[in-house]
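Comments concern the structure below.
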Amino acid sequence: MGSVCRRLFSLCLVCSVLYRGHSEVRKITRRTAYGDSGGQQQPLDIEAYTYPERVETPVGFNLNLSSLEMSTILFCQLSRCIPCVRVHIRMNNSVPVIIDGVQIHFFEYKSNRNSEIQVRWRNYMPPVNTANFIYECFESDAGSKVEVGVKTIPDYGYQLTEEYNVEDYETGSQMNYSVILKKKQILVTAPLGRVLKAMLCYKRGLVCRELKNSSILLINSTFSLSYEYLLPCLCVQVFYPGPDSSRTTICPFTNTLEAFGPDLWRSTNFSDLIHHRNSMAVRLTGKCHIKPSVVLCWKSNGICEEFEESAAKISKSGYVFESVDRHSQMCFKFKYKNSSHIECRNRRDADWNVTMVTESNQLLLSFASHIPASFSAVLCKMKEDECKNQTLIHNVTQTEFSTQKLLMVLSVESHKFCVRVWRSDVVFSGKQLLCPQYSRNRLGLGLLSTLVLLAAMPMLVYMVWKFATEVSAPLWSRTVLMMYSPDSEDQKKLICAFADVLKTEVHCNIILDLWDTGRVAEIGIVSWLYSKRELVEREGGKIIIIWSKRSQEMYNQWSMLDSGSKMNHNDLHDLFNTSMACVYNDILRNRRIKDYSIIYFDGLCNKENIPAIFTKIPKYRMLKDFSSLVHALQSAPKFPCGLELGAKFLVHKILRSEKMQTLRNQIEQFTKLQRHGLLCCEESDCSD
């Protein structure tokens, strides 16, 4: 009796909002119920169990249209938290019916514990099509199995029943992972058991924000998650699908030095904050929440010289520097951990500029300033790479806004003198070095260079032509795996002829089961095909699927299989269905699509015979698109113009070769046999 009273007392609070989101395991301090109908929130009452009245089922009522969902949350009292099961009932019906509430029956298998509760509308509700009820929560033990049954009030004679495994909120979902830094990938492996969801996210404080298009479902397998930036806040998060699921978060790069390198700054946005004329401010927002130290620096000749005393005032909006010359060469230098970054803001409208001209033994400096400012200049003499001061400092001041230029005259005796110029009315100002430019007559040297270039051009053209005409083989090679549907003996001869052209003329490393019959007989077609596909992936090769009308028929039969049979085909002698399982698996996961190509022979098959599932895979009609196929097979390296010319000449040479003429004859013969229905369907082989 005391247990029942304690439960009724803890359930007394009724909330009128419907919880709809989740990120981590929810922690609640009291058990509550929520409800709505047709988008309108309604107050609820929670009552102890009483048997609802059994009434006649309305015409058109169907409880199977409704759904029952459960999730694990935490019920906390003082410093102790225990897991609870949250129950969410979505009532749907094709016709409006009276639903006063729901009766929930909770049963835990492990402890044989039963609970009964009724959740009713506090006020009268007219007949409705849809209604939502949420009750939190039924106390349970982590890892236990429970069953929940739901009936309507009044009882229309139907019941929703679901089973649920309560999550272990202390350990959460488990995973194994490894990092491939060169490919910017994280491999995640799900243990045997339930389906997990994995995603990449950026952790900022207690929240881990998901990267777009990075979520995958793991079903006892390994998947790779690709990331753009290597960052210390980049994390992997796994959890069971569904609301309120406990999440396991691992951040593998928190203490990795490479994570504080260029990617940290490339992923950060820098923006100017407009202040008064003698100050500069910058704000940075990035994937990670960092607070770097910032100083000013003056950038000249690729070097940014720091102002050591330029400590910034940090505000909520960013970093602010006072008494600064806002010149385009004035930059910000950010420092964080073992990394630094220089950011120059490329301002279009400079506050001031200076020009210099020479006149007799004088240097004339013209200052144009858009703001009141003071400027200083000093003569210096160049010695090696340094310019040492030689005279006193000269000053000029503009006290108000004006478009009038200021003129400074410096007397000099030698063209070896230069001038240092800076703004002197602010604390942080860089010094510009201006040196007079004296013209020299270099017309003869330029003319000589032009003549040498014109003389060399014919020789260069000749060398390229010589290379293009004498090249007999490409300077590259590509591993190619060939898949097909075994139609007939004549079709296999055609495939062997085509493979022979790719091998002998294009110099590809061809993988064909007809040329490796001993190994296929030893290990079976499934093991052979998957091992060769891994070899192609390692060597950056291509997979060519040869399509025919017979292929379309076999694909239609294969497509009638269920998803599990498609992806786990294990017939030791069925090359086509095993090939389709490989391709379907890659298309389903949107991986390695660029490795595939489909070819079909003109007169034997049309492009319309190729199923729509292969839309993303490039298709080539033989022999019309042979040049495009060769280009695709050799598309990995980037060639200079000479090699491109040689490659085009090589394709032209292949099309006129004896092997290509043999292939044309095979195509013509096969076309005639197919037209008259004289194809031989006996098994055959061809040797390499």
Side-chain angles (χ1 to χ4, degrees), residues 272 275-282 294-312 319-335 340-359 361-399 402 404-438:
D272 279 332
H275 284 263
H276 60 80
R277 61 179 180 270
N278 291 333
S279 68
M280 290 175 59
V282 66
V294 188
V295 295
L296 294 172
C297 66
W298 183 264
K299 192 171 185 179
S300 178
N301 297 325
I303 299 174
C304 208
E305 185 178 352
E306 296 182 26
F307 294 91
E308 296 182 357
E309 303 298 327
S310 59
Y319 298 85
V320 181
F321 296 86
E322 304 290 350
S323 190
V324 182
D325 176 14
R326 299 196 308 172
H327 196 275
S328 59
Q329 291 178 250
M330 186 68 75
C331 304
F332 302 101
K333 187 170 185 178
F334 298 86
K335 300 178 182 179
S340 63
H341 171 73
I342 295 173
E343 184 71 15
C344 300
R345 302 311 300 153
N346 297 323
R347 298 167 191 84
R348 295 182 179 179
D349 299 325
D351 290 339
W352 65 277
N353 59 68
V354 59
T355 57
M356 180 176 67
V357 295
T358 59
E359 185 177 303
N361 288 333
Q362 292 181 329
L363 295 178
L364 304 180
L365 302 180
S366 298
F367 294 88
S369 177
H370 301 288
I371 60 173
S374 296
F375 305 97
S376 297
V378 61
L379 285 173
C380 63
K381 191 172 184 179
M382 293 297 300
K383 279 191 176 182
E384 296 180 354
D385 293 334
E386 294 185 4
C387 195
K388 297 184 178 181
N389 294 353
Q390 296 290 321
T391 63
L392 298 176
I393 296 176
H394 301 260
N395 298 294
V396 65
T397 300
Q398 178 173 297
T399 58
S402 175
Q404 182 180 0
K405 289 188 176 181
L406 301 175
L407 187 63
M408 182 184 294
V409 180
L410 289 80
S411 299
V412 294
E413 298 176 356
S414 172
H415 66 272
K416 294 182 180 180
F417 280 97
C418 297
V419 181
R420 290 186 187 275
V421 181
W422 67 95
R423 191 176 156 192
S424 55
D425 61 328
V426 292
V427 176
F428 304 109
S429 177
K431 296 181 179 180
Q432 299 184 58
L433 182 64
L434 305 176
C435 295
Q437 299 295 326
Y438 295 93

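Sequence positions, counted from 1, serve as the residue numbers for this chain.
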Distance from L363 atom CG to L434 atom CG, nearest 0.5 Å?
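Output value for this atom pair is 9.5 Å.
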How many angstroms lie between NE2 in H394 and OG in S424, if you round to the nearest 0.5 Å?
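Interatomic distance, H394 NE2 to S424 OG, rounded to 0.5 Å: 13.0 Å.
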May I ask you to check whether D325 and W352 show a side-chain donor-acceptor distance below 3.5 Å?
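Yes, W352 and D325 have a side-chain donor paired with an acceptor closer than 3.5 Å.
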With a 4.5 Å cut-off on side-chain heavy atoms, are [Y] and [X] touching?
X	Y	value
F375	V354	no
V396	L365	no
L296	F332	yes
S300	Q329	yes
C380	L433	yes

Begin with the C-alpha distance, continue with both residues' side-chain angles, and end with the deciding distance and a verdict on side chain to side chain contact (heavy atoms under 4.5 Å, CB included) for I393 and N395.
CA-CA 7 Å; I393 296 176; N395 298 294; 3.9 Å; yes
[X] versus [Y], closest heavy-atom pair with distance:
X	Y	answer
A377	M408	CB-SD, 3.4 Å
E322	V324	O-CG2, 3.3 Å
G430	W422	O-CB, 3.5 Å
I371	R423	CD1-NH1, 3.5 Å
V419	M356	CG2-SD, 4.0 Å

Assess the cysteine pair C418 / C387: is their SG-SG separation shorter than 2.5 Å?
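The sulfur gammas are not closer than 2.5 Å, so no.
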Spell out, with a plain yes or no, whether C304 and C297 have SG atoms under 2.5 Å apart.
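Answer is yes, sulfur atoms closer than 2.5 Å.
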Please list, chain by chain and in numerical order, all residues satisfying ring pair (Phe, Tyr, Trp, His ring centres under 6.0 Å) with W298, sequence neighbours excluded.
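Applying ring pair (Phe, Tyr, Trp, His ring centres under 6.0 Å) to W298 gives H327.
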Mind telling me whether F307 and F428 have parallel, tilted or perpendicular rings, with 30° and 60° as the class edges?
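If you compare the ring of F428 with that of F307, the planes turn out perpendicular.
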Non-neighbouring partners of E306 that pass side chain to side chain donor-acceptor pair (under 3.5 Å), sequence neighbours left out
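For E306 the side chain to side chain donor-acceptor pair (under 3.5 Å) partners, ignoring immediate neighbours, are K333, K335.
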Among N278, V427, D425, exactly one meets side-chain contact (heavy atoms from CB on, under 4.5 Å) together with S323. Which residue is that?
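Answer after filtering N278, V427, D425: V427.
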